[in-house]
2 protein chains.
Amino acid sequence: MDKQRDDTIASRISRALAERIISGALTPGERLRQDHIAEEFGASHVPVREAFRLLEAQGLAVSEPRRGFRVAAFDLKEVREVAEMRAVLEVLALRHAIPHLTAAILDRAEAATVAADTSRDVRSWEAANRAFHRLILEPCGMPRLLVSIDDLHAASARFLFSAWRSSWEARTDHDHRAILAALREGRGDEAAKILERHVGWIGRTPVKTAAGEMREAFLIVG
Amino acid sequence: MDKQRDDTIASRISRALAERIISGALTPGERLRQDHIAEEFGASHVPVREAFRLLEAQGLAVSEPRRGFRVAAFDLKEVREVAEMRAVLEVLALRHAIPHLTAAILDRAEAATVAADTSRDVRSWEAANRAFHRLILEPCGMPRLLVSIDDLHAASARFLFSAWRSSWEARTDHDHRAILAALREGRGDEAAKILERHVGWIGRTPVKTAAGEMREAFLIVG
DNA sequence: AAAAACTAAATTATAGATAATTTTCTGCCG
DNA sequence: CGGCAGAAAATTATCTATAATTTAGTTTTT
């Protein structure tokens with residue numbers, strides 16, 4: 001097929017595995033066996049090990065010396081940690097992005113919000129949500145910060161998919177709209193404040209299961 | 001000598017190279033030639049490549065597909081970015097650490113401050129400064145956050161060493177003392193505020209060179 | 001049935017080979 | 001004399017094969 005990609009085999013394997021970890025196809029704590037994965041991708045173990053290191057850097061895998069790599073576990077404590085880091089880093093990015101935001105960017109962010117509200121499954125909601133955040137933060141022009149935020153989004157998405165594997169219902173995202181309204185009207189501080197609360201909010205919430213029962217679930221807002 | 005370390009060859013090479021990059025022995029933009037480094041460490045190229053990936057994760061090296069790895073460049077813009085990320089992340093860590101701070105920890109942090117004030121060279125000042133920050137932040141119990149902060153400290157140190165290679169004079173660090181005083185008296189918010197300004201502050205300042213001339217230099221406070 | 005010993009599997013590392021690509025050198029030509 | 005083209009050298013990224021070490025699992029022994 002397309003062998004002439006600009007990137008290396010290691011990064012291609014890394015992306016493929018990241019997808020599986022985030023989607024939940026590879027479960028937390030599962031071992032990543034280099035020879036099996038090498039065979040599956042028709043590669044040798046060298047690029048596979050490099051791919052593992054890339055995943056480790058994103059916090060999706062952990063290395064235990066002489067015992068190989070496993071898919072990173074995650075508990076509620078870690079999810080909270082990720083959410084709080086996202087909150088402060090996204091606020092920082094937004095403050096730097098504000099002077100460079102244009103009406104065109106805000107229009108595209110609004111389109112992403114509409115796409116999120118009308119999505120039929122978690123996957124597309126997550127993609128639209130991520131697009132919204134990316135759009136309003138990217139103009140900050142701080143590459144290292146944006147990479148960190150991306151990695152934290154990946155960790156959030158993992159949790160999201162594990163919590164909402166089957167049942168899912170899109171809700172209108174009032175926070176996104178409030179952030180956009182504030183940005184359009186030049187109330188930057190308020191936009192930052194809403195974003196901080198929006199991203200940092202994690203808690204228990206009652207959820208109706210497919211069977212019609214109510215149960216408690218953890219929820220990341222966005 | 002000591003072959004029976006608990007860690008892998010890759011991580012040992014990575015630490016050794018990190019040391020050189022931070023200290024400035026390897027200059028920004030310099031190429032990292034895997035075969036040369038493999039030979040120097042008496043290893044093969046596989047662990048060397050893994051070491052490069054580890055450095056990449058810390059932001060000390062960058063990979064250009066088919067062109068190998070180079071020491072990460074850094075300009076003033078990036079230094080500012082690192083300082084601002086450190087400011088918000090350290091404040092977050094401090095807020096979580098405060099409930100777990102003990103008098104014993106604060107005493108050790110004070111000792112680190114004294115050590116910084118009396119250091120005779122940049123290296124020991126940096127080590128003492130880093131120890132101060134580590135001590136008051138570690139009790140936050142957020143491992144991912146602490147790793148991020150450590151990586152940012154490494155990037156700061158690089159800049160520090162490049163700016164102050166020859167002349168150096170220790171100054172009394174009033175910010176550290178003010179932070180400690182606020183923490184001891186239970187004024188957590190004020191401690192966080194000082195820390196944020198302390199870490200985030202970067203600017204030009206007049207510096208007296210060894211030759212007695214005045215010139216402008218960039219400065220990270222700590 | 002618990003402890004010890006053996007076995008199997010996997011990770012970590014080495015070595016050498018190869019294709020592709022980049023860098024460097026060199027010499028020719030305008 | 002400077003710049004471009006092409007040749008030569010170096011380097012990366014990969015594979016294959018293999019050894020050493022460690023973990024994990026199974027069997028044997030007491």
Side-chain angles (χ1 to χ4, degrees), chain A residues 1-21 25-73, chain B residues 1-21 25-73:
Chain A
M1 321 299 176
D2 50 346
K3 263 224 163 181
Q4 296 304 25
R5 272 273 189 279
D6 183 36
D7 48 17
T8 149
I9 292 182
S11 61
R12 231 175 309 151
I13 295 177
S14 160
R15 271 201 303 279
L17 292 179
E19 222 286 315
R20 289 187 204 170
I21 293 173
L26 291 171
T27 59
E30 192 170 343
R31 291 187 63 173
L32 295 168
R33 298 212 263 342
Q34 60 181 22
D35 287 354
H36 296 205
I37 290 166
E39 199 183 0
E40 182 195 337
F41 286 91
S44 78
H45 65 103
V46 182
V48 171
R49 289 187 63 76
E50 278 186 54
F52 289 171
R53 293 288 183 200
L54 289 168
L55 293 171
E56 191 183 19
Q58 291 168 72
L60 296 177
V62 292
S63 136
E64 301 167 83
R66 321 240 152 246
R67 299 170 122 233
F69 291 77
R70 341 180 63 102
V71 176
Chain B
M1 322 299 173
D2 51 345
K3 263 223 162 181
Q4 297 303 24
R5 271 274 189 277
D6 182 36
D7 48 17
T8 143
I9 291 182
S11 61
R12 230 174 312 152
I13 295 177
S14 161
R15 272 201 303 279
L17 293 179
E19 221 287 316
R20 288 187 206 171
I21 295 172
L26 292 171
T27 60
E30 190 169 345
R31 291 187 61 176
L32 295 167
R33 301 213 264 339
Q34 59 182 25
D35 285 355
H36 296 203
I37 290 166
E39 199 183 1
E40 182 195 335
F41 287 90
S44 75
H45 55 258
V46 180
V48 171
R49 290 186 62 76
E50 277 186 56
F52 289 172
R53 293 289 183 199
L54 289 167
L55 293 171
E56 191 184 21
Q58 290 168 75
L60 296 177
V62 292
S63 137
E64 301 167 82
R66 318 239 150 246
R67 296 168 126 235
F69 290 78
R70 342 181 62 102
V71 177

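Lettering follows sequence order; numbering is per chain, from 1.
- Here the nucleotide nearest the side chain of A:Asp35, chosen from C:dT11, C:dT23, C:dT12, is C:dT11.
- Where A:Arg31 and A:Arg53 meet DNA chain C, the nucleotide closest to each residue was compared, and A:Arg31 sits on the side nearer the 5' end.
- Distance from the side chain of A:Thr8 is smallest to D:dT14 among D:dT14, C:dT12, D:dC15.
- Using a 4.0 Å cut-off between charged side-chain N and carboxylate O, A:Arg53 and A:Glu50 make no salt bridge.
- The separation between A:Phe69 atom CZ and D:dT23 atom C1' is 16 Å, rounded to whole Å.
- Both B:His45 and B:Arg70 lie close to DNA chain C; mapped to their nearest nucleotides by heavy-atom distance, the more 5′-ward contact belongs to B:His45.
- One atom, CZ of B:Phe52, and another, P of D:dT11, lie 12 Å apart when rounded to the nearest Å.
- Look at CD on A:Glu64: it is 14 Å from C1' on D:dA24, rounded to the nearest Å.
- Counting non-hydrogen atoms of other residues, nucleotides and ligands closer than 6.0 Å to CD of A:Glu40 gives a total above 12.
- A:Ala51 and A:Ser14 get closest at one heavy-atom pair: CB-N, 3.7 Å.
- Side chain of A:Pro47, nearest nucleotide from C:dT23, D:dA13, D:dC15: D:dC15.
- The closest side-chain heavy-atom distance from A:Phe52 to A:Leu17 is below 4.5 Å.
- Atom CZ in A:Arg12 sits about 8 Å away from atom P in D:dT14, given to the nearest Å.
- Nucleotide C:dA13 holds its P atom 10 Å from the CD atom of A:Gln34, rounded to whole Å.
- The side chain of B:Arg67 approaches C:dT23 more closely than any other nucleotide in the set D:dT23, C:dT11, C:dT23.
- Of all non-hydrogen atoms in A:Pro47 and A:Ile9, the two that sit nearest each other are CB-CG2, 4.0 Å.
- Minimum atom distance to the side chain of A:Arg49 is reached by C:dA13, of the listed D:dT16, C:dA13, D:dT12.
- Going from atom CD1 of A:Ile9 over to atom P of C:dA20 covers 13 Å, rounded to whole Å.
- The separation between B:Arg33 atom CZ and D:dA9 atom C1' is 13 Å, rounded to whole Å.
- In this structure, B:Ile37 atom CD1 and D:dT11 atom C1' are separated by 12 Å, rounded to whole Å.
- Considering only the side chain of A:Arg66, D:dT22 comes nearest among D:dT14, D:dT22, C:dT11.
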